[in-house]
Amino acid sequence: LQQNKIHKGTHAGVHVTDGGKGKFAGNEIVCNTGFGVVVDGAGSDPFFLENNISDGLGGGMAFRNSGGGTVDQNKLTGNAAEHVLVESGADPAFTKNRIFGGEGDGIVVQQNGLGTFSGNDVYDIGSADNHRCGVCVSTCGHPTFRGNTIRDIHGTGVECREAGKGCFEDNEIFRNFGAAFGCASSGDPTVKNNQIHGGLAAGVLVHDGGLAPSKGTASASTSLPTWR
């Protein structure tokens with residue numbers, strides 16, 4: 001499916017389910033009532049290349065129920081809810097996408113969601129009156145983020161909370177209005193070789209009963225991030 005305009009639908013713009021695949025390239029997926037894209041179910045494995053997924057009232061892209069897929073060099077902007085939602089065992093791969101603007105969080109991984117995110121640029125999320133996260137991991141989500149840029153967020157750059165986990169390695173997290181990296185309520189990420197700089201608040205904020213790690217590893221307390 002290439003170079004189409006998919007817009008103003010009453011549900012998702014594109015819905016891939018029950019083992020569906022396919023290549024979606026160069027499409028305008030905009031102004032849909034639901035998410036612009038929903039990928040649902042084990043074996044679902046579509047490929048999204050250079051699409052504009054924007055201005056969705058329900059969000060940008062949602063991956064659910066062990067759905068997968070590859071999302072490469074797309075633009076996600078202006079969505080009213082999260083640009084990317086990964087939950088319930090879904091495991092997509094996001095590479096070299098631009099994720100920016102809008103009123104929701106940039107990337108949300110929750111409820112045992114997985115996902116690999118590399119080389120993406122996440123920026124200008126939220127607003128001065130609407131503090132949002134560039135990346136939010138919760139409820140046993142366990143994604144991998146490598147080599148991404150997370151910047152100019154009107155809130156926390158990365159937040160791990162409610163037993164959110166994940167691996168964050170070689171990312172640049174900078175110039176955010178809230179903490180660059182926050183960890184709360186049993187959040188337990190591994191954080192390695194990231195550049196954290198230029199923010200207007202704390203570089204690292206461990207809160208809600210958390211104990212700041214020392215000498216690279218935290219082994220006890222409510223919040224247990226591992227820093228190397």
Side-chain angles (χ1 to χ4, degrees), residues 1-100 102 104-122 134-148 163-167:
L1 188 66
Q2 299 184 24
Q3 297 183 346
N4 297 279
K5 187 170 184 179
I6 302 168
H7 65 106
K8 297 182 180 178
T10 57
H11 299 288
V14 173
H15 193 177
V16 181
T17 188
D18 295 332
K21 302 187 188 299
K23 180 178 180 180
F24 301 82
N27 299 288
E28 295 280 328
I29 305 172
V30 299
C31 300
N32 293 287
T33 300
F35 277 89
V37 172
V38 174
V39 179
D40 190 357
S44 298
D45 190 22
F47 179 42
F48 293 90
L49 175 66
E50 296 181 345
N51 300 281
N52 176 19
I53 303 168
S54 301
D55 300 317
L57 297 180
M61 305 183 78
F63 293 79
R64 298 174 170 140
N65 300 317
S66 301
T70 299
V71 183
D72 185 29
Q73 300 178 65
N74 299 273
K75 180 176 77 172
L76 291 91
T77 186
N79 295 295
E82 54 270 285
H83 292 302
V84 177
L85 173 64
V86 181
E87 61 184 4
S88 52
D91 191 14
F94 276 72
T95 57
K96 299 180 181 178
N97 301 283
R98 294 170 57 219
I99 300 170
F100 64 99
D105 294 326
I107 298 170
V108 174
V109 183
Q110 63 184 22
Q111 298 173 10
N112 298 295
L114 302 170
T116 300
F117 299 82
S118 58
N120 301 285
D121 191 7
V122 183
V135 174
C136 181
V137 183
S138 68
T139 52
C140 297
H142 204 311
T144 298
F145 282 80
R146 288 194 177 97
N148 302 281
K165 300 181 185 295
C167 176

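Everything quoted here is computed from the prediction, not taken from an experiment.
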Can you tell me how far the CZ atom of Arg64 sits from the OG1 atom of Thr17, to the nearest 0.5 Å?
11.0 Å

Could you label the plane-to-plane angle of the Phe94 and Phe117 rings as parallel, tilted or perpendicular, counting under 30° as parallel and over 60° as perpendicular?
parallel

Around atom NZ of Lys5, are there more than 12 heavy atoms from other residues, nucleotides or ligands closer than 6.0 Å?
no

Non-hydrogen side-chain atoms of Phe48 and Asp72 separated by less than 4.5 Å:
no

Could you tell me which non-hydrogen atom of Gly119 sits nearest to which non-hydrogen atom of Asn148, and how far apart they are?
N-OD1, 3.3 Å

Is the backbone of Gly115 close enough, under 3.5 Å, to the side chain of Asp91 for a donor and an acceptor to pair up by distance?
yes

Is the backbone of Asn65 close enough, under 3.5 Å, to the side chain of Ser88 for a donor and an acceptor to pair up by distance?
yes

Strictly distance-based, threshold 3.5 Å: is any side-chain N or O of Asn4 a donor or acceptor partner for the main-chain N or O of Gln2?
yes

Has the side chain of Asn97 got a donor or acceptor atom that lies under 3.5 Å from a matching backbone atom of Gln73?
yes

Apply side-chain contact (heavy atoms from CB on, under 4.5 Å) to the pair Gln111 and Ser138, showing each step before the final yes or no.
CA-CA 7 Å; Gln111 298 173 10; Ser138 68; over 6 Å; no

Side chains of residues 50-57: which donor-acceptor partners sit under 3.5 Å, not counting sequence neighbours?
{"from": "Asn51", "atom 1": "OD1", "to": "Gly26", "atom 2": "N", "distance (Å)": "3.3"}
{"from": "Asn51", "atom 1": "OD1", "to": "Asn27", "atom 2": "N", "distance (Å)": "2.9"}
{"from": "Asn51", "atom 1": "OD1", "to": "Asn27", "atom 2": "ND2", "distance (Å)": "3.0"}
{"from": "Asn51", "atom 1": "ND2", "to": "Phe24", "atom 2": "O", "distance (Å)": "2.8"}
{"from": "Asn51", "atom 1": "ND2", "to": "Leu49", "atom 2": "O", "distance (Å)": "3.3"}
{"from": "Asn51", "atom 1": "ND2", "to": "Asn74", "atom 2": "OD1", "distance (Å)": "3.0"}
{"from": "Asn52", "atom 1": "OD1", "to": "Ser54", "atom 2": "OG", "distance (Å)": "2.3"}
{"from": "Asn52", "atom 1": "ND2", "to": "Glu28", "atom 2": "OE1", "distance (Å)": "2.8"}

Drop me the distance from His142's NE2 to Asn112's CG, to the nearest 0.5 angstrom.
10.5 Å

Contact summary for Ser44 and Gly19, nearest pair of heavy atoms:
OG-N, 3.1 Å

Are side-chain heavy atoms of Glu87 and Thr139 found at a separation under 4.5 Å?
no

List the steps, then state whether side-chain contact (heavy atoms from CB on, under 4.5 Å) holds for Ile29 with Val14.
CA-CA 8 Å; Ile29 305 172; Val14 173; 3.9 Å; yes

Looking only at non-hydrogen atoms, find the nearest pair between Leu85 and Gln110 and report the distance.
CD1-NE2, 3.8 Å

Here the gap from Ile99 atom CD1 to His83 atom NE2, rounded to the nearest 0.5 Å, amounts to 7.5 Å

Decide side-chain contact (heavy atoms from CB on, under 4.5 Å) for Met61 and Val39; before the verdict, give the C-alpha distance in whole Å, the side-chain angles of both, and the deciding distance to 0.1 Å.
CA-CA 8 Å; Met61 305 183 78; Val39 179; 5.7 Å; no

Shortest non-hydrogen contact from His7 toward Asn32:
C-OD1, 3.6 Å

Is any side-chain heavy atom of Val38 closer than 4.5 Å to one of Val16?
no

Apply the test side-chain contact (heavy atoms from CB on, under 4.5 Å) to residues Ile6 and Leu1: give CA-CA distance (whole Å), side-chain angles for both, the deciding distance (0.1 Å), then the verdict.
CA-CA 11 Å; Ile6 302 168; Leu1 188 66; 3.9 Å; yes

Thr33: what forms a side-chain contact (heavy atoms from CB on, under 4.5 Å) with it, not counting sequence neighbours?
none

Short side-chain to backbone donor-acceptor contact, Asp105 and Glu82, under 3.5 Å
no

Over all atoms of both residues, closest heavy-atom pair of Gly68 and Pro46
O-CD, 3.7 Å

Taking the side chain as every heavy atom from C-beta outward, state whether Lys75 and Phe100 have any pair of such atoms under 4.5 Å apart.
yes

Does Pro92 reach the side chain of Val86, with side-chain heavy atoms less than 4.5 Å apart?
yes

